[in-house]
Amino acid sequence: MSCFPLPPLLVRGRSRGCSDLFCPLLCMFSIPDLVLMNLLEVWEGRSCYCEPFRCIGPACGSSFTSLEAVCGKQRLCHTELPHLSFHRSSWLLLAPLLTPPVPVVTAPPCSLCPEGAHRFQWIRNLVPEFGISSSHVKVLSSPAEFYELLKVQIKTAKQRVVMASLYLGTGLLEQELVDCLEETLEKSLQAKESPDLRVSILLDYTRGSRGRKNSRTMLIPLLQRFPEQVRVSLFHTPNLRGLLKLLIPERFNETIGLQHIKVYLFDDNVILSGANLSDLYFTNRQDRYVLLQDSPEIADFFTELVDAIGDVSLQLQQDDTVQMMEGMVHPYQGDKVAYCEIANRRVMEVINSARTRQELLHAKTFHSSQQSSSLLSQQGSQASGGLKPEPDTWIYPLIQMKPFGIQIDEMVTETLLTEAERDARIYLTTGYFNLTQAYMDLILGTRAEYRILLASPEVNGFFGAKGVAGAIPAAYVYIEHQFYSEVCYLHQQERVQLQEYSRAGWTFHAKGLWLYLAGSNLPCLTLIGSPNFGYRSVHRDLEAQVAIVTENKALQQQLHQEQEQLYLCSGVVSSSTFEQPNRYVKLWVKLVTPLIKNFF
């Protein structure tokens, strides 16, 4: 008999062990000793656990130390593990379901600045701050608009095309994108002896390799035709290794961890979104999209970020093989701790160097504006003609890569939820309602009003899927019902409201947040990008989004209209919602959901 430790969840100062339902279920299953040894290895030092100003595990080091120094609060670590016994059997597919949850780390409180949009300037203590004009920001509303913009931007690119996505689909619309890339590269090749255009594509290895025809086969012709101009990087999570990698079949292996960042940039124009490069996201899968035009500093940052992740990823070759860059530790064959340390260092170098550049730029701009003000007071307003307008919008990139010990997005999101004032309104949307316990505790325990938009079962991306995946919408209904019951138990129905998106013939994938300050009818801040606010986003996957803070009323109106357009297609959740026939959840789904909720 093998003894297997199951760590309790540490949730905001209170320890939650196994539920009465959870423990007996686990004891029903048994796992071979070899699998247990492999998983125990993960438990006994391969994961990142943080103590005050010190890290054990893969290279959280400098990043956590600096964040804690700025915000002034220690982090918590919980190491008491109860033990359960398991018998030997051959149920190997249960292995990924027993990957340990990382202890929830609470976000340190930060002092918010007083009135106005600039109350969020504390974020620049953690990440670079990019000040731009609101006229450079455009909010898109539809998949078709997103797709057409991608094609136009590819065709007009002169220096760089950088695209990070979970995967590239294999249909006709995706092929048209590849054809646009080929056409643009061909023009670049003919224009000069040394073409300037460079194309860098970052995808997830497991998702991009699924099936015979996949993302890799779609892109190989570009690599063969333009080997000096095209780079395709395939990120492989370091947590999928050893027996787990050997035993978990295709599709299921994607539950362990993914490259989930979605950013598309062309020269100095950047599109941030939650949409992947697949036909559904170009036609009838609703998401969010924002275009940042003529923003070279932001484009440089995301180019460097994608390059950094690409450097620690597998490189696709012309013959459909993959290999690591020379001298780089392999993500699943090499030492895991060493690999995560290198990845942490590469990504944090990008963040810290950009932050330093922006601080110097701010100081220079401030000094120049002081001189200009003095000059204007002496020479009159005629001297102001050539001056660059003061920024009224600020972009903060928020990165979350828990496998590498980087959790900036988690810290900022938790702080925003914590510090939201009474009578402020937060509109939060996710295509997959499966919030972390920390986020749920904050929503239920803070003062702001919440309007949470989620997918009804019919617009869930897994609706109608074959096999076990077809039950995932029911699992989300069960999670939603549990949260709604807790809202009712705490008598918070007026302050915390759930709304379900429903639209015939469409699926729902939008994610993000809009913050309305008390007394304001327009949002001054939005979060947009790849995170779903769930356990996967916080602990397993590579994620990136931006916080957009603006004082400009026209841009605030754009963001408000985007929010209203999404929420108009929704209905308010009530007790009667869960009495409808399509909300019936089978017993086995209720039993299994606690086991698998951290994997979807």
Side-chain angles (χ1 to χ4, degrees), residues 137-153 163-169 171 173-174 177 202-204 207 258-265 269-292 302 398 400 409 427-434 452-463 473 476 499-514 523 526-534 536-537 541-548 558-570 600:
V137 183
K138 181 181 179 182
V139 179
L140 310 181
S141 60
S142 72
E145 191 178 6
F146 169 59
Y147 180 61
E148 291 302 320
L149 180 62
L150 285 176
K151 291 194 294 182
V152 168
Q153 291 292 318
M163 299 195 292
S165 184
L166 174 61
Y167 69 104
L168 172 68
L173 295 180
E174 297 92 320
L177 278 184
L202 171 67
L203 305 173
D204 181 74
R207 182 62 183 89
L258 297 167
Q259 191 304 113
H260 201 244
I261 296 169
K262 290 86 182 277
V263 59
Y264 312 104
L265 71 88
N269 300 327
V270 183
I271 302 173
L272 275 303
S273 179
N276 292 302
L277 296 175
S278 177
D279 55 1
L280 291 176
Y281 297 89
F282 304 150
T283 53
N284 62 345
R285 189 156 172 76
Q286 184 63 57
D287 215 300
R288 298 181 65 207
Y289 334 85
V290 64
L291 170 65
L292 308 177
F302 280 105
L398 307 178
Q400 184 75 11
D409 179 66
Y427 288 78
L428 185 150
T429 179
T430 173
Y432 305 109
F433 183 73
N434 188 17
I452 302 174
L453 182 63
L454 49 116
S456 65
E458 295 77 14
V459 300
N460 186 291
F462 291 97
F463 185 75
Y476 282 116
Q499 296 179 228
E500 287 187 352
Y501 185 93
S502 182
R503 189 176 178 186
W506 285 65
T507 55
F508 185 70
H509 197 250
K511 60 205 72 170
L513 177 154
W514 299 261
T526 190
L527 301 182
I528 180 170
S530 64
N532 278 299
F533 304 107
R536 285 201 60 142
S537 293
D541 299 340
L542 305 191
E543 306 278 10
Q545 65 180 341
V546 294
I548 302 176
Q558 275 195 72
L559 296 171
H560 177 66
Q561 289 174 352
E562 177 199 30
Q563 177 271 118
E564 278 195 324
Q565 183 177 347
L566 290 173
Y567 278 69
L568 277 174
C569 297
S570 69
F600 59 84

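This is a predicted model, so every value here is computed, not measured.
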Exercise for the section: Could you tell me which residues satisfy salt bridge (Lys or Arg N to Asp or Glu O under 4.0 Å) with R536, sequence neighbours excluded, listed by chain and number? Expected result: D541
Exercise for the section: Please determine which of V139, T526, L140 meets the side-chain contact (heavy atoms from CB on, under 4.5 Å) test together with R288. Expected result: T526
Exercise for the section: Would you check if the side chain of Y427 reaches a backbone N or O of Y567 as a donor-acceptor pair within less than 3.5 Å? Expected result: no
Handout entry: Whether H509 and Y432 hold their rings parallel, tilted or perpendicular, with breakpoints at 30° and 60°
Key = perpendicular
Fill in the blank from the handout: Residues S537 and N532: closest non-hydrogen pair is OG-N, 2.8 Å
Completion exercise
What one should report as the nearest heavy-atom pair of L527 and A547 is CD2-CB, 3.5 Å
Exercise for the section: Identify the two heavy atoms, one from L559 and one from P523, that lie closest to each other, and give their separation to 0.1 Å. Expected result: CB-CG, 3.8 Å
Practice task
Return the set of residues passing ring-ring contact (aromatic ring centres under 6.0 Å, His included) with H260 (not counting sequence neighbours), or none when no residue passes.
Solution key: none
Problem - E174 side chain vs G171 backbone, donor-acceptor pair below 3.5 Å - result: yes
Exercise for the section: May I ask you to decide if G505's main-chain N or O and N284's side chain share a donor-acceptor pair within less than 3.5 Å? Expected result: yes
Problem - Any donor-acceptor pair under 3.5 Å from S278 side chain to Y281 backbone - result: no
Handout entry: Closest non-hydrogen atom pair between Q545 and S530, with its separation
Key = CB-N, 4.2 Å
Practice task
Might you point out which heavy atoms bring S141 and Q286 nearest each other, and give the distance in Å?
Solution key: O-NE2, 3.1 Å
Exercise for the section: Measure the shortest side-chain to side-chain distance between N434 and Y476 over non-hydrogen atoms and say whether it is less than 4.5 angstrom. Expected result: yes
Practice task
Output yes when a side-chain donor or acceptor of Q563 lies under 3.5 Å from a complementary backbone atom of L513, and no otherwise.
Solution key: no
Problem - N/O donor-acceptor pair under 3.5 Å between Q259 side chain and I261 backbone - result: yes
Exercise for the section: Measure up the F508 and Y501 rings against each other and bin them: parallel (under 30°), tilted (30 to 60°), perpendicular (over 60°). Expected result: parallel
Exercise for the section: For E148, enumerate each residue passing the salt bridge (Lys or Arg N to Asp or Glu O under 4.0 Å) test, keeping only those at least two apart in sequence or located in another chain. Expected result: K151
Exercise for the section: Sort out for me which residue in W514, F533, F433 forms a side-chain contact (heavy atoms from CB on, under 4.5 Å) with L428. Expected result: F533
Problem - Flag side-chain contact, heavy atom, 4.5 Å: V137 against L292 - result: yes
Problem - Heavy-atom side-chain proximity of Y147 to L177 below 4.5 angstrom - result: yes
